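Data block below; observations after.
These numbers come from a predicted model, not from an experiment.
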Amino acid sequence: MMNETSASLMCGRHRLDLSYPRVMGILNVTPDSFSDGGRHVARDDALRHAERMLAEGAAIIDVGGESTRPGAEPVSSADELERVAPVVEALVRELDALVSVDTSCPVVMREAAALGAGMLNDVRALEHEGALTAAVGTGLPVCVMHRQGEPRDMQEAPRYDVPVEDAVFDYLATRVAQCEAAGLRRERLLVDPGFGFGKSVEHNLRLLNRMERLAQLDLPLLVGMSRKSMIGKVLARPVEERLSGGLALTALAVERGAKILRVHDVGPNVDAVNMTWAVLKEGC
C-alpha cells in the first residue's frame, strides 16, 4: 500500500497530497457527454462552473473535450483541442487550478501541458499511436484506465473469461510495466479500474466490492462512478436522480482504497469522502 505519511504527487507546479482521498471535479466541454453535454461548452460557463467546484472542495478539475459515453463517436484532434485549450488556459491563469486533461490525443496532451495542466487522464491507457511518447515528454502524472472495447461498442454484451477484478488487475499491471519501460516513471502513474467501460452492471458491482485487489498495484487509485448507468439500473433512477446512489458508491470506494474520486457533484461528495475517512481513521 502507499505510505500515507509521504504520499504526494507532483503535478506541474502543484503538489497533490494523497495521504487522504481527494475529489476531482468533472468539467466536460463537449456537446454530447452523457449527463452534462453542452452545459459548459462556452469558456466563461466552464470557468464559472470550475470556480464553484473549487469552492466546494475539489482538489483537481478534470477537463474533457471528447465524450466517452457508451455509443460515442471519436472527435478529431483539432476539434478536441479547440474545445479544451481555452478552458485549460483560463483555469490555470485565472484560478490557479490543478487541471487534469481527460484525453487520448497526443496533440492535446502536449498542448495542455504547455498551457499549465498538471495531470493527464487517459481512458485508453496511452494506447493510441504517439500517446505514450507524448505523455512521457510532458513530465506530468498520468492516469491509465482499464477498458474493454471503444466507447462506440464497449457496452455491447461485455464478457470476461476470468473474474473481472483479475482481468482489470492483469491489464493494469501489464500496462503500467509497458509505461515504465517507455520511460514513464512509476511515481507518475495512477490507475483507474474503468467502471462502465466495457462492463455490465454485475461486473461493475463485483469490481467495486473486490476493488481492494487493485491495492496490490501499489499505485494511487482513481475511481469514476458519478451518475453512471450502474446506479440507474440498480435504483431505477434517471441520470438527474443518481446523487444518493453515487454518494454510497463514493463511500464504498474510499473504504476500498480510492485516492481520487472523479465526480460531477463536488460538495456532497467531499462531505461523503470526509465522513467516510473520519470513520476509517477514527478521528476528524
Side-chain angles (χ1 to χ4, degrees), residues 24 26-30 32-34 37 60 62-81 83-85 88 99-113 117-138 140-156 158 160 164 167-184 186 188-199 203-204 207 214 217 219-226 228-229 260 262:
M24 169 187 275
I26 298 169
L27 182 57
N28 288 320
V29 289
T30 57
D32 56 345
S33 291
F34 79 95
I60 314 160
D62 192 45
V63 179
E66 177 192 11
S67 174
T68 52
R69 62 177 173 77
E73 293 294 332
V75 299
S76 70
S77 59
D79 286 345
E80 185 181 352
L81 186 60
R83 295 170 181 176
V84 167
V88 171
V99 177
S100 166
V101 177
D102 183 359
T103 185
S104 302
C105 175
V107 173
V108 176
M109 291 177 187
R110 286 190 288 265
E111 183 63 21
M119 184 185 298
L120 302 173
N121 180 20
D122 186 5
V123 301
R124 297 178 179 89
L126 303 177
E127 289 186 350
H128 273 192
E129 183 177 357
L132 181 50
T133 299
V136 171
T138 67
L140 298 179
V142 185
C143 182
V144 294
M145 193 192 78
H146 174 274
R147 78 191 191 290
Q148 187 183 80
E150 289 292 325
R152 63 181 176 272
D153 61 9
M154 64 188 179
Q155 290 305 106
E156 295 177 6
Y160 294 87
V164 65
V168 171
F169 177 90
D170 291 345
Y171 172 84
L172 290 174
T174 298
R175 195 62 188 139
V176 165
Q178 292 167 339
C179 289
E180 288 186 276
L184 188 56
R186 191 175 186 86
R188 287 172 50 198
L189 286 165
L190 308 90
V191 292
D192 181 344
F195 289 98
F197 282 78
K199 299 172 183 73
H203 290 143
N204 287 319
L207 183 57
L214 302 183
L217 293 167
L219 289 169
L221 184 61
L222 186 155
V223 171
M225 296 180 283
S226 178
K228 287 192 173 178
S229 62
I260 300 177
R262 183 179 182 274

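- Classification of the H146-Y160 ring pair by plane angle, with boundaries at 30° and 60°, yields tilted.
- Scanning all heavy atoms of the two residues, the minimum distance from G118 to P141 falls at O-CD, 3.2 Å.
- Counting heavy atoms from C-beta outward, M109 and V101 have side chains that stay 4.5 Å or more apart.
- Nearest heavy atoms, Y171 versus R124: OH-O, 4.3 Å.
- Between the side chain of R175 and the backbone N or O of V144, no donor-acceptor pair lies under 3.5 Å.
- Considering only residues two or more places apart in sequence or on other chains, D192 meets the side-chain contact (heavy atoms from CB on, under 4.5 Å) condition with C143, M145, L222.
- Remark: the S104 side chain and the E66 side chain contain no N/O donor-acceptor pair separated by less than 3.5 Å.
- Across all their heavy atoms, K199 and R147 have their closest contact at NZ-CA, 4.3 Å.
- In this structure a side-chain-to-backbone donor-acceptor pair under 3.5 Å is present from R83 to G65.
- Looking at K228, its side chain never comes within 3.5 Å of a backbone N or O of S226 through a donor-acceptor pair.
- Heavy atoms only, all atoms of each residue included: G183 and R188 are closest at O-NH1, 4.4 Å.
- Under the 4.5 Å side-chain criterion, counting only non-hydrogen atoms from C-beta, V223 is in contact with L221.
- Remark: the backbone N or O of F195 is not paired with any side-chain donor or acceptor of N204 at under 3.5 angstrom.
- Every side-chain contact (heavy atoms from CB on, under 4.5 Å) that L81 has, sequence neighbours left out, goes to A85, V107, V108, E111.
- Although no hydrogens or angles enter the test, the distance criterion places a donor-acceptor pair under 3.5 Å between the side chain of T138 and the main chain of A135.
- Counting heavy atoms from C-beta on, the side chains of L217 and L172 come closer than 4.5 Å.
- Atom CG of residue L132 and atom CG of residue L184 lie 6.5 Å apart, to the nearest 0.5 angstrom.
- In this structure, the side chains of R262 and N121 come closer than 4.5 Å at one or more pairs of heavy atoms.
- L126 approaches C179 most closely through the heavy-atom pair CD1-SG, 4.0 Å.
- L219 is not listed as a side-chain neighbour of L190, based on a closest heavy-atom distance of 4.5 Å or more.
- The nearest pair of heavy atoms linking D62 to S100 is OD1-OG, 2.6 Å.
- Under the ring pair (Phe, Tyr, Trp, His ring centres under 6.0 Å) criterion, F169 pairs with no residue, sequence neighbours left out.
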